[in-house]
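Since the structure comes first, as structure tokens, the remarks are kept for the end.
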Amino acid sequence: MDREMTDHRVELVAQAIYESQPQACSWDTEPTICREHFRQCARNAITLLDEDIGVLLVALREATAERRVGTTGALV
């Protein structure tokens, strides 16, 4: 796998993990140090899950959607 694809995968997983947090705001407005923390979490998850990382992404997106529906009564 080339570096660009790996970096892209890390970024997707980092954002998904970040967005699953109850206090999540906009990823783009987070300080670099915060985003780098979630990127490191993503690298660890990718290493542990290897090919199953797609399952994690789907699960995190579903959890985020459910949290938003539960909080507001409708998808945001």
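Any value given below was found using the heavy atoms of this structure, including those in side chains, with hydrogens, waters and symmetry copies removed. One is the number of the first residue; the rest follow in order along the sequence. Quantities reported herein were computed from a predicted structural model and do not represent experimental measurements.
- To the nearest 0.5 Å, atom OG of residue Ser26 and atom CD of residue Glu19 are 8.5 Å apart.
- The stretch residues 20-30 participates, sequence neighbours left out, in no salt bridge (Lys or Arg N to Asp or Glu O under 4.0 Å) pair at all.
- Clustering ILVMFWY residues whenever any of their side-chain heavy atoms sit less than 4.5 angstrom apart, transitively, puts Ile17 in the very cluster that holds Leu49.
- Listed here is the closest heavy atom pair of Arg35 and Trp27: CD-O, 3.3 Å.
- Not counting sequence neighbours, the partners of Glu11 by the salt bridge (charged side-chain N to carboxylate O under 4.0 Å, His left out) test are Arg39.
- The two residues Ala42 and Ala14 make their nearest non-hydrogen contact at CB-N, 3.5 Å.
- Around CD1 of Ile33, the count of heavy atoms belonging to other residues, nucleotides or ligands within 6.0 Å does not exceed 12.
- Each ring pair (Phe, Tyr, Trp, His ring centres under 6.0 Å) pair with one or both residues in residues 37-63, not counting sequence neighbours, appears once here: Tyr18-Phe38.
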